[in-house]
2 protein chains.
Amino acid sequence: MSRPTRRTHRQAEAEANDRALLEAAREVVAVDGAHASVAAIAARAGVGIGSLYRRYRTKQELFQRLVVIGLDRWLAAAQAGLAHDDPWDGLAHYLLAGIDIGQGSLGAIAGTIEITEEITEKNRCCDTAVDALVARAHAAGVLRPDVTRTDLHLLIEQLGKSPMIDQLRRQGRTDLVDMAIRARARINAIALDGLRAGAPHRLPGEPPDSALLSRRWEPSADNPRPS
Amino acid sequence: MSRPTRRTHRQAEAEANDRALLEAAREVVAVDGAHASVAAIAARAGVGIGSLYRRYRTKQELFQRLVVIGLDRWLAAAQAGLAHDDPWDGLAHYLLAGIDIGQGSLGAIAGTIEITEEITEKNRCCDTAVDALVARAHAAGVLRPDVTRTDLHLLIEQLGKSPMIDQLRRQGRTDLVDMAIRARARINAIALDGLRAGAPHRLPGEPPDSALLSRRWEPSADNPRPS
DNA sequence: CAGATGCGGAGTGATTCGCTCCGCATTCGG
DNA sequence: CCGAATGCGGAGCGAATCACTCCGCATCTG
């Protein structure tokens with residue numbers, strides 16, 4: 001009998017394939033949103049369609065896994081932010097990490113999958129962590145007081161989507177992709193500076209209701225849940 | 001003979017249909033990007049597919065028209081900004097108008113259409129107007145000096161896409177749509193404050209090359225130009 | 001070396017695409 | 001008041017693409 005920690009070649013290869021699959025799915029979904037096709041995902045991962053369907057029985061199962069992983073990374077980013085000594089640095093880390101993780105792509109498929117209890121629970125954890133991050137920054141007086149967690153979330157969602165970078169990447173213009181990524185870093189820096197305390201104006205209107213975000217997980221008419 | 005200013009019922013109705021068609025196309029493209037189907041556009045406009053194809057011989061012809069109209073509005077926004085006495089107010093007006101016009105949706109179909117001389121020329125006009133707007137704001141010392149026209153353009157593109165609002169609108173939740181629009185106004189205000197002079201940090205890296213934007217009009221491998 | 005395992009991708013029916021074409025309602029000219 | 005003309009909506013077309021199945025084959029295991 002082999003030692004339990006020792007895995008066969010096949011098992012290791014299968015795990016590597018799974019990682020490649022998830023990473024590829026993340027990339028393709030970031031570009032095509034809910035319209036991402038399993039063929040494109042498999043091709044990007046460099047595996048056959050058959051291998052994809054051996055691991056995930058349906059496309060939705062893969063997407064659910066994708067959402068769970070995204071929420072995990074999102075929570076990790078928030079906790080890493082809380083680990084920073086400086087309240088502002090922590091908030092900035094969370095925001096930039098959230099943008100890079102592609103929180104925006106999560107929203108794209110949010111309405112297309114069945115919501116499991118696991119997803120709801122992880123979502124709650126994330127909200128709690130971000131609330132702490134925001135409260136600390138508010139208490140330290142480094143974040144403009146009229147910004148709420150939902151504002152932050154919307155900002156991340158908005159800045160997370162980068163259709164131009166996706167388009168350039170599809171075209172294989174790696175030099176331009178680098179340029180676009182550097183350019184986006186500047187946009188992010190602008191947004192960060194807009195979040196700092198001491199802003200010249202109050203934000204317009206009332207703080208947005210957090211229901212705005214939770215409602216997005218509900219199915220829509222054009223994206224009916226599977227029966 | 002009827003007076004030349006007098007048009008028949010049919011002509012007036014056809015014009016109204018055309019306007020509805022263009023507005024519907026703008027909305028559907030804002031949601032679905034280049035994947036927008038002519039059936040969806042016609043349905044949203046409340047006209048038959050046949051009527052659409054009587055006015056535009058192909059889908060691409062409609063999209064080209066859409067881009068031209070978008071560039072017209074964009075130029076008008078820049079000129080309206082220049083008409084403001086206050087340099088900052090002018091810039092802010094341009095930015096907010098550009099976001100609302102849906103400059104972001106132009107980028108989505110930019111790579112899918114044949115570029116006419118008209119489009120190239122209008123694009124040049126827009127760039128010139130925005131350059132003047134930026135230069136005036138820089139000279140007045142109200143815009144942070146490390147922000148370039150391309151930065152502004154990328155910011156507009158980034159903030160122009162609102163997948164969440166599109167999703168809610170498709171679901172017909174008009175109350176949530178209003179809420180989301182108000183929430184986006186706050187995001188825009190944050191970005192605007194981040195653009196003001198006196199920002200605590202310099203933007204990272206070099207100013208982005210304007211080629212980043214012009215290259216996007218070129219066709220891509222997955223979006224080949226029609227032969 | 002024989003059996004087991006997991007792989008890639010051709011094939012399947014369903015769906016959606018851009019687009020054509022035609023029956024029909026409405027309007028115009030006399 | 002009527003026949004001709006006009007422009008409309010949408011059924012229908014071939015092609016493309018979708019999620020998904022299934023099987024021959026290469027590779028690894030005992």
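The shown structure was predicted, so the numbers you read here are calculated from the model rather than taken from an experiment. To find a chain, count down the sequence lines: A is the first, B the second, and so on, and within it residues start at 1.
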If the sugar-phosphate is the primed atoms plus P, OP1 and OP2 and the base is the rest, what is the B/S/- string for nucleotides 15-23 of chain C, using protein heavy atoms under 4.0 Å?
--SSBB---
What is the distance, to the nearest angstrom, from the CZ atom on A:Phe63 to the P atom on D:dC20?
10 Å
How many whole angstroms separate atom CG of B:Leu52 from atom C1' of D:dA11?
17 Å
Going by salt bridge (charged side-chain N to carboxylate O under 4.0 Å, His left out), name the pairs with one or both residues in residues 204-213 of chain B, residues two or more places apart or in two chains.
none
Could you tell me whether the phosphate oxygens of C:dG8, OP1 or OP2, come under 4.0 Å of any side-chain nitrogen or oxygen in A:Ser51?
yes
Partners passing side chain to side chain contact (heavy atoms under 4.5 Å, CB included) against A:Glu121 (at least two apart in sequence or in another chain)
A:Arg124, A:Cys125
Hey, could you give me each pair passing ring-ring contact (aromatic ring centres under 6.0 Å, His included) that has a residue in residues 151-177 of chain B? Not counting sequence neighbours.
B:Trp74-B:His153
Please list every donor-acceptor pair under 3.5 Å in which a side-chain atom of residues 46-55 of chain B meets a protein atom from a residue at least two apart or in another chain.
none

Tell me the interatomic distance from A:Asp32, atom CG, to D:dA19, atom P, rounded to whole angstroms.
10 Å
Under the rule for side chain to side chain contact (heavy atoms under 4.5 Å, CB included), what residues qualify as partners of A:Asp72, not counting sequence neighbours?
A:Val68, A:Lys122
Residues in side chain to side chain contact (heavy atoms under 4.5 Å, CB included) contact with A:Arg65, at least two apart in sequence or another chain
A:Leu22, A:Tyr56, A:Ile69
To the nearest angstrom, the CD1-C1' distance between B:Ile41 and D:dG9 comes to 17 Å
Strictly below 4.0 Å: does A:Asn17 bring a side-chain N or O up to OP1 or OP2 of C:dC7?
yes
Which of residues 21-30 of chain B have a heavy atom under 4.0 Å from DNA chain D?
none
To the nearest Å, give me how far apart CZ (B:Arg55) and P (D:dT6) are.
15 Å
Contacts of type side chain to side chain contact (heavy atoms under 4.5 Å, CB included), residue B:Ile101, not counting sequence neighbours
B:Arg73, B:Ala77
Report yes or no: does A:Gln79 contribute a side-chain atom to a donor-acceptor pair with the main-chain N or O of A:Ala129 at less than 3.5 Å?
no
